[in-house]
Amino acid sequence: MRVLVTGGAGFIGSEVVAALGARGHEAVSYDLREGRDVRDRTAVSEALAGVDAVCHQAALVGLGDGFADATEYVSRNDLGTAVLLTAMAGAGVHRLVLAGSMVVYGEGRYTCGRHGVVRPGPRSAADLSAGRFEPTCPSCGQELSPGLVTEDAPADPRNVYATTKLTQEHLAAAWARSTGGTALALRYHNVYGPGMPRDTPYAGVAAFFRSALARGEAPRVFEDGGQRRDFVHVRDVAAANVLALEAGSAEGTFTAYNTGSGDPHTVGELARALATAHGGPDPVVTAEYRLGDVRHITADSNRLRTALGWRPEVTFEAGMKEFAGERP
């Protein structure tokens, strides 16, 4: 299979290119670093010649938590995806795997002892400043129990970047219905591993903590360190992409898959694991916060495991040791 990998020179894209090659497929990298912009329809159309499928990793990543950069996020992520899909329709390429994101959910899944499953709103600056970090039930104010979010959870994007990632999914679904193609979105959770750019906003704390340790500084843990995340290794994410490209799917369909390790850890645990693997210094919990951050978001990836037979292979402990030992 010949696969066009947009963002193929990036952190995740380069691992996808390598994983495709290891499975005997031909990967064609298309990346802005190589002077190839996914918004250039002529160039994209030329790159699609002889291609069987597209793995769309290219995106402007980060929080996008203000509106000063909204135009750039929409242009790079949504206009770029629309140009790509239009070119695919013209070239008769009918298979797409899209790099999705957990950020489309906003907060994760929560249960109230009195009201069952509830959806808390954004946390207030007053609560965060007072050290009240846990979301509360919108009906009774009781503290909630976090759980695993499934793909059928309502979307609730809470910043510009999250909104563009959800729009990418809607564009892919519309393209599949219109062309009879198949589109799969892998909703990545916190991807980390070798090759991660220094201090990238994408995987956030893992990269920032490693950079601090490399400077001989203590990792600074926001809030109380109890934020729960699902840290998944980049090689496991690349393997999921290959399986998604190889999988058979009904024509005209769009399917989303959570892509997480299934082994949630707190941000504080992440900081301690990296500090231990690096040999210190120990993390410092600061109680600082970023307004708009979610408290807990962890994945139920059973759909991906069941449908595609994917199993993450890199444990949290082994992955952290490897990551801490790499020079940022």
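- Between the side chains of T163 and Y73, no donor-acceptor pair of N or O atoms lies under 3.5 Å.
- Grouping Ile, Leu, Val, Met, Phe, Trp and Tyr residues whose side-chain heavy atoms lie under 4.5 Å apart, directly or via other members, leaves V74 alone, with no other cluster members.
- The environment of E217 atom CD is dense: over 12 non-hydrogen atoms of other residues, nucleotides or ligands sit within 6.0 angstrom.
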Show the numbers, then the answer: is there a side-chain contact (heavy atoms from CB on, under 4.5 Å) between L213 and L274?
CA-CA 8 Å; L213 289 163; L274 286 174; 3.9 Å; yes
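- Listed by chain and number, the residues in a salt bridge (Lys or Arg N to Asp or Glu O under 4.0 Å) with R2 are E26 (sequence neighbours excluded).
- Looking at heavy atoms from C-beta onward, W175 lies out of side-chain contact with T81 at the 4.5 angstrom threshold.
- Side-chain atoms of R39 and S75 form a donor-acceptor pair, as typed in the model, at a separation below 3.5 Å.
- Pairing each heavy atom of N241 with each of Q57, the nearest pair is OD1-NE2, 3.0 Å.
- A salt bridge between E72 and R76 is present, with a side-chain N of the basic residue lying under 4.0 Å from a carboxylate O of the acidic one.
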Under the side-chain hydrogen bond (donor to acceptor under 3.5 Å, both in side chains) criterion, do E34 and S29 qualify, and how do the steps go?
CA-CA 9 Å; E34 302 160 346; S29 176; 3.0 Å; yes
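- No salt bridge links D52 with R95; every basic N to acidic carboxylate O contact stays at or beyond 4.0 Å.
- Judged purely by atom type and a 3.5 angstrom limit, T182 has no side-chain atom pairing as donor or acceptor with the backbone of S249.
- For CZ of R311, the number of neighbouring non-hydrogen atoms (other residues, nucleotides, ligands) closer than 6.0 Å is greater than 12.
- One distance of note links NE2 of H296 with CG of D230; it measures 14.0 Å at 0.5 Å rounding.
- Side-chain atoms of P264 and L148, non-hydrogen and from C-beta on, do get closer than 4.5 Å to each other.
- No more than 12 heavy atoms of other residues, nucleotides or ligands sit less than 6.0 Å from atom CD of E313.
- Using modelled atom types, one finds a donor on one side chain and an acceptor on the other under 3.5 Å when comparing R187 with Y105.
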Apply side-chain hydrogen bond (donor to acceptor under 3.5 Å, both in side chains) to E143 and T136, showing your working.
CA-CA 5 Å; E143 191 168 300; T136 56; over 6 Å; no
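- The heavy-atom pair separating H265 from F231 by the smallest distance is O-CE1, 3.8 Å.
- Between the side chains of S261 and H189, not a single donor N or O lies within less than 3.5 Å of an accepting N or O.
- Under a 4.5 Å side-chain heavy-atom criterion applied to ILVMFWY residues, the cluster that includes L79 comprises V83 as well.
- Counting all heavy atoms, side chain and backbone alike, L84 lies closest to V38 at CB-CG2, 4.1 Å.
- Side-chain contact check for E246 and H25: at least one donor-acceptor pair (N or O, by modelled atom type) lies under 3.5 Å.
- E107 has its side chain within reach of R158: a pair of non-hydrogen atoms, C-beta onward, lies under 4.5 Å apart.
- Taking Ile, Leu, Val, Met, Phe, Trp and Tyr as hydrophobic and joining them when side-chain heavy atoms fall under 4.5 Å apart, one finds V118 in a cluster with Y110, L144.
- Follow the hydrophobic side-chain contacts under 4.5 Å out from V3 and you never reach V44; the two are in separate clusters.
- Classification of R220 and E288 as a salt-bridged pair holds, one side-chain N sitting under 4.0 Å from a carboxylate O.
- In the hydrophobic clustering of ILVMFWY residues, with side-chain heavy atoms under 4.5 Å counting as a link, V104 and F254 come out apart.
- Ion pairing between a basic and an acidic side chain is recognised when a charged N comes within 4.0 Å of a carboxylate O; E134 and R295 show such pairing.
- The two residues G108 and V149 have their closest heavy-atom pair at CA-CB, 4.5 Å.
- The aromatic ring centres of H233 and Y192 sit less than 6.0 Å apart.
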Using salt bridge (charged side-chain N to carboxylate O under 4.0 Å, His left out), reason through R123 and E223 one step at a time and then give a plain yes or no.
CA-CA 12 Å; R123 297 176 295 168; E223 301 187 16; 2.8 Å; yes
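- T164 places a side-chain N or O within 3.5 Å of a backbone atom of Y161 that can act as its donor or acceptor partner.
- Applying the side-chain contact (heavy atoms from CB on, under 4.5 Å) rule to T255 yields the partners Y257, R303; only residues at least two apart in sequence or on another chain are considered.
- Between L48 and M88, the closest heavy-atom pair is CD1-N, 3.6 Å.
- Annotation: side chain of M196 is not in contact with side chain of V234 (no heavy-atom distance under 4.5 Å).
- In terms of the salt bridge (Lys or Arg N to Asp or Glu O under 4.0 Å) criterion, residue partners of R235 (sequence neighbours excluded) are, by chain and number, E322.
- Under a 3.5 Å cut-off, the side chain of S301 and the backbone N or O of L304 do not form any donor-acceptor pair.
- Without hydrogens or angle criteria, E269 side chain to T266 main chain gives a donor-acceptor distance under 3.5 Å.
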